[in-house]
Amino acid sequence: MQKDFLKHLELSVGRGENSFVMKRGSFRYKQRILEKRRLVRVESEEKDGMHRLLFEDKREGKLYGLKITEIEEGLVRLTCLMPQEEEGITGDLHAWNRFWVSFPAHEKEHIYGCGETYSKFDLKGEKVRIFVAEHQNAKRITAKIIREKLLGKHPEHVLAFHKYESYYAQPTFVSSDRYFVHADTTAFAEFDFTDPRQTTLFLQEVPDVTVGEADSFAALSGRMADLLGRQSTLADWLYDGAILAVQEGTERIEAKIARAEAAGAKICGIWSQDWCGCRRTDFGYQVMWNWEWDRELYPHLPEKITAWKDRGIRFLGYINPFLALEGNLYATAAKEGYCVKDRDGKDYLVTITTFPAAMVDFTNPKAWDWYKEVMQNNMVGIGMSGWMADFGEYLPMDCVLFSGEDPQLVHNRWPALWARLNREVIRESGREDLFFFMRAGSTETVGASVMMWTGDQHVDWSVDDGIASVIPATFSLAMSGFGITHSDAGGYTTIMHMCRSKELLMRWEEMNAFSPLYRFHEGNQPVKNAQFDDDEELLSQLAWTSRMHAALAGYLKACVKECAEDALPVMRPFFYHYDEDAAYTETTEYLLGRDLLVAPVLKRGAVSRKVMLPEDEWVQLFTRKEYEGGTYEIEAPMGQPPVFIRRQSPYFEEILQAADRARQAASTV
């Protein structure tokens with residue numbers, strides 16, 4: 001390999017103890033290092049087709065070993081040498097539970113990935129915690145409120161990176177030098193990029209690290225996918241317009257559909273979180289987590305789902321791994337012992353926002369099969385075409401699992417188990433038109449989940465949590481191997497001063513029309529947020545954006561197919577195709593496939609924005625103005641986001657005509 005830095009790595013070992021305190025899915029982590037020893041590298045040699053690295057513990061005189069094995073050209077694996085397997089090795093790395101693996105880096109290198117990050121895409125200079133958690137937490141939101149509402153800070157002001165947690169944390173990073181590093185670990189870990197000349201992986205399991213390189217980012221993505229897995233293609237119906245978020249009953253759905261269609265909107269789905277009932281709390285309008293359709297709120301729902309489907313409108317629901325204590329499903333789970341336990345043998349009750357709930361134990365085969373049966377009967381069985389598979393981050397570190405496994409080693413795997421369960425439900429149903437989307441994830445999620453959404457963004461313009469965080473989050477997921485993502489149009493979280501403005505919703509719609517999936521969310525407090533049908537201007541915006549998304553169906557399908565087959569992310573950074581300095585740091589624009597460049601308006605009150613175009617020939621989609629590579633101030637009135645198509649695109653005429661058809665169809669209603 002050209003990237004032979006592993007041959008120059010440094011190794012320290014130690015022992016330590018972890019302390020985790022969870023509050024509403026956010027984890028306060030502390031550790032006590034009981035011992036740490038730096039091992040001295042005494043030998044680095046080729047032997048029997050592998051490269052051996054030998055390290056001596058000067059205190060005890062033991063010799064430890066790591067080996068670098070070439071799996072294939074451009075792909076190597078670092079693992080430990082065992083005393084019983086290798087002559088001369090006297091130390092067993094499994095006797096330790098802390099490892100610091102350091103290898104050379106350089107100052108100009110950019111680092112991406114590690115799961116999903118929001119306020120930053122380039123992680124150089126940061127220390128990244130690899131531990132799945134709730135991205136939102138009360139302390140951080142309070143700080144946001146203070147700095148914006150009380151101190152008058154602009155939404156672009158963000159907290160320090162280390163204060164954030166992530167729904168999707170994965171021990172994988174990609175370098176701008178076109179190599180990736182993946183650690184095979186499920187324990188808590190930290191990747192430290194703060195030293196410009198050295199990268200350090202802090203692991204709590206014996207090092208098992210894979211490094212791959214390629215000549216291009218496209219080839220590198222393919223190599224990562226061979227290791228981690230890849231997503232599948234999506235059902236055709238998902239491209240045929242917008243998925244509207246509507247709650248509070250069948251009558252309201254009918255009224256919303258009629259209003260949207262009368263305005264010329266193209267609707268492919270209705271997503272109703274509260275299909276199983278609602279719970280009104282101080283946080284807002286929430287779902288009753290008893291996964292049976294609410295016959296009072298949604299009378300005759302199965303028949304309605306069939307009727308809507310006949311009109312080309314699919315019905316989507318919601319589920320998560322928790323059970324409401326008031327529900328009959330929890331009564332069954334409690335009786336059968338299907339829930340995660342505490343150390344006293346009782347069902348472990350976890351508080352989410354304002355109420356406690358029990359968690360189904362996915363390590364219990366009977367609970368696994370029962371939960372799949374619930375989903376097959378109560379969701380697929382009534383005709384749903386998809387659902388949000390929410391949560392997955394909340395496995396407590398002091399719980400007791402049916403399998404007897406240490407929750408500290410299962411916690412990061414939990415979202416992948418949840419994804420795999422959902423995938424099995426779909427596969428066993430025999431229906432190819434089903435799909436689900438998630439927010440939580442780690443390593444095994446890449447091959448198990450169908451689609452991610454970027455979590456509960458705030459209904460504002462902020463860089464750390466609002467509309468401006470969508471592109472960094474999407475890019476970081478892409479560089480972790482997950483290439484099919486989308487966001488809630490308009491965001492989700494409303495707290496105190498935050499509320500969704502009409503302008504924000506319309507700008508978010510403009511962005512999400514140019515994404516693999518165009519789906520709305522009413523938010524946790526719908527009455528405080530602008531909704532897609534509040535007035536005629538909003539309905540007109542919905543009409544053309546939904547039709548624009550539908551008009552791109554052929555192109556989007558090709559992009560998703562490319563992701564499924566070649567692992568190229570659908571929404572991708574510029575550096576996949578342009579080796580320019582600015583391409584490695586740009587986080588306010590993205591390429592949708594190879595040929596469309598999208599520069600959404602991300603600032604309140606803006607009617608133009610600065611756009612960086614890579615060196616190529618570009619045509620603005622809505623004005624037909626032609627540009628070469630460079631930086632331009634582009635006018636962006638509402639309804640005309642800066643979107644460009646490559647002149648040499650094989651889709652050039654098709655997409656221009658599609659844009660014209662979408663605008664014309666929306667304006668003639």
Side-chain angles (χ1 to χ4, degrees), residues 234 236-245 257 260-269 312-313 467 470-471 474 484-490 502-520 532-533 536-560 570-571 589-602 609 611 618-625 634-646 649 651-669:
L234 303 173
D236 285 350
W237 68 266
L238 288 164
Y239 303 99
D240 199 23
I243 297 174
L244 303 181
I257 290 175
E261 287 186 332
K266 192 88 167 76
I267 307 168
C268 68
I313 301 173
I467 187 174
V470 171
I471 297 174
T474 300
I484 306 178
T485 61
H486 72 293
S487 67
D488 295 326
K502 175 179 172 179
E503 179 192 9
L504 176 70
L505 177 58
M506 293 175 74
R507 290 303 193 188
W508 215 311
E509 290 174 349
E510 290 176 351
M511 177 174 68
N512 282 16
F514 294 90
S515 73
L517 186 75
Y518 186 18
R519 179 185 58 83
F520 285 74
F532 62 81
D533 59 345
E536 295 306 315
E537 185 181 16
L538 279 161
L539 283 165
S540 177
Q541 178 84 337
L542 172 65
W544 89 258
T545 53
S546 61
R547 289 186 174 276
M548 184 71 246
H549 183 75
L552 290 172
Y555 180 71
L556 289 173
K557 288 178 187 178
C559 293
V560 169
V570 177
M571 298 167 68
E589 309 172 35
Y590 59 91
L591 292 173
L592 183 64
R594 174 67 181 96
D595 298 318
L596 282 176
L597 186 153
V598 184
V601 176
L602 303 174
R609 65 154 291 171
V611 176
W618 301 94
V619 175
Q620 194 172 356
L621 193 59
F622 300 113
T623 66
R624 302 299 197 268
K625 292 182 179 179
I634 302 295
E635 292 184 1
M638 190 67 72
Q640 189 176 295
V643 179
F644 303 81
I645 183 168
R646 242 182 9 109
S649 169
Y651 296 92
F652 185 76
E653 291 297 335
E654 177 184 328
I655 289 178
L656 289 181
Q657 292 172 12
D660 288 342
R661 288 198 308 273
R663 185 74 73 180
Q664 183 177 8
S667 63
T668 55
V669 174

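Since the model is a prediction, treat every value here as computed from it, not as a measurement.
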- Item | F532 side chain reached by E509 side chain, heavy atoms, under 4.5 Å | yes

- For L234 and V560, work out which heavy atoms get closest and say how close. N-CG1, 4.0 Å

- Item | Min side-chain heavy-atom separation I267-S546 under 4.5 Å | no

- Note on the structure: Rounded to the nearest 0.5 Å, the CG atom of L542 sits from the NZ atom of K266 at a distance of 12.5 Å

- Task: Please examine the side chains of D236 and K557, heavy atoms only from C-beta on, and report whether any two atoms are closer than 4.5 Å.
- Result: yes

- With M571 as partner, the option from I484, L591, I471, L592 fulfilling side chain to side chain contact (heavy atoms under 4.5 Å, CB included) is L592

- Message: Can you confirm whether L238 sits close enough to I243 that some side-chain heavy atom of one is under 4.5 Å from a side-chain heavy atom of the other?
- Response: yes

- Message: What verdict does the side chain to side chain donor-acceptor pair (under 3.5 Å) test give for T474 and Y590, after you've listed the backbone C-alpha separation in whole Å, the side-chain angles of each residue and the deciding distance to 0.1 Å?
- Response: CA-CA 10 Å; T474 300; Y590 59 91; over 6 Å; no

- Could you state the interatomic distance from CD (E635) to CZ (F622), rounded to the nearest 0.5 Å? 15.0 Å

- Heavy atoms of F520 and A242 approach each other most closely as CE1-CB, 4.0 Å

- Where do G241 and A550 come nearest, in terms of heavy atoms and distance? N-CB, 3.7 Å

- Query: Below 4.5 Å, heavy atoms only, C-beta onward: do M506 and L538 meet side chain to side chain?
  - Reply: yes

- Item | L656 CG to Y651 OH distance, which is reported to the nearest 0.5 Å | 14.5 Å

Kindly list each side-chain donor-acceptor pair under 3.5 angstrom involving residues 636-645, sequence neighbours excluded, with atom names and distances?
none

- OG (S515) and CG (L552) are apart, to the nearest 0.5 Å, by 10.0 Å

- Query: For the atom pair CG (L596) and CZ (R646), what is the distance rounded to the nearest 0.5 Å?
  - Reply: 10.0 Å

- Message: Checking F514 against L621 for the side chain to side chain contact (heavy atoms under 4.5 Å, CB included) test, could you report, in this order, the C-alpha distance in whole Å, the side-chain angles of both residues, the deciding distance, and whether it holds?
- Response: CA-CA 12 Å; F514 294 90; L621 193 59; 4.0 Å; yes

- Message: I'd like to check M548 versus E510 (side-chain heavy atoms, cut-off strictly below 4.5 Å). Are they in contact?
- Response: no

- Query: Any side-chain heavy atom of C268 within less than 4.5 Å of one from Y518?
  - Reply: no

- Item | Donor-acceptor contact present, side-chain D533 to main-chain A260, <3.5 Å | no

- I would like to know whether R519 and D488 meet side chain to side chain contact (heavy atoms under 4.5 Å, CB included); could you show each step before the answer? CA-CA 6 Å; R519 179 185 58 83; D488 295 326; 2.5 Å; yes

- Query: In Å and rounded to the nearest 0.5 Å, what is the CG to CH2 distance from L539 to W544?
  - Reply: 15.0 Å

- Expected output: side-chain R609 to main-chain P600 donor-acceptor under 3.5 Å: yes

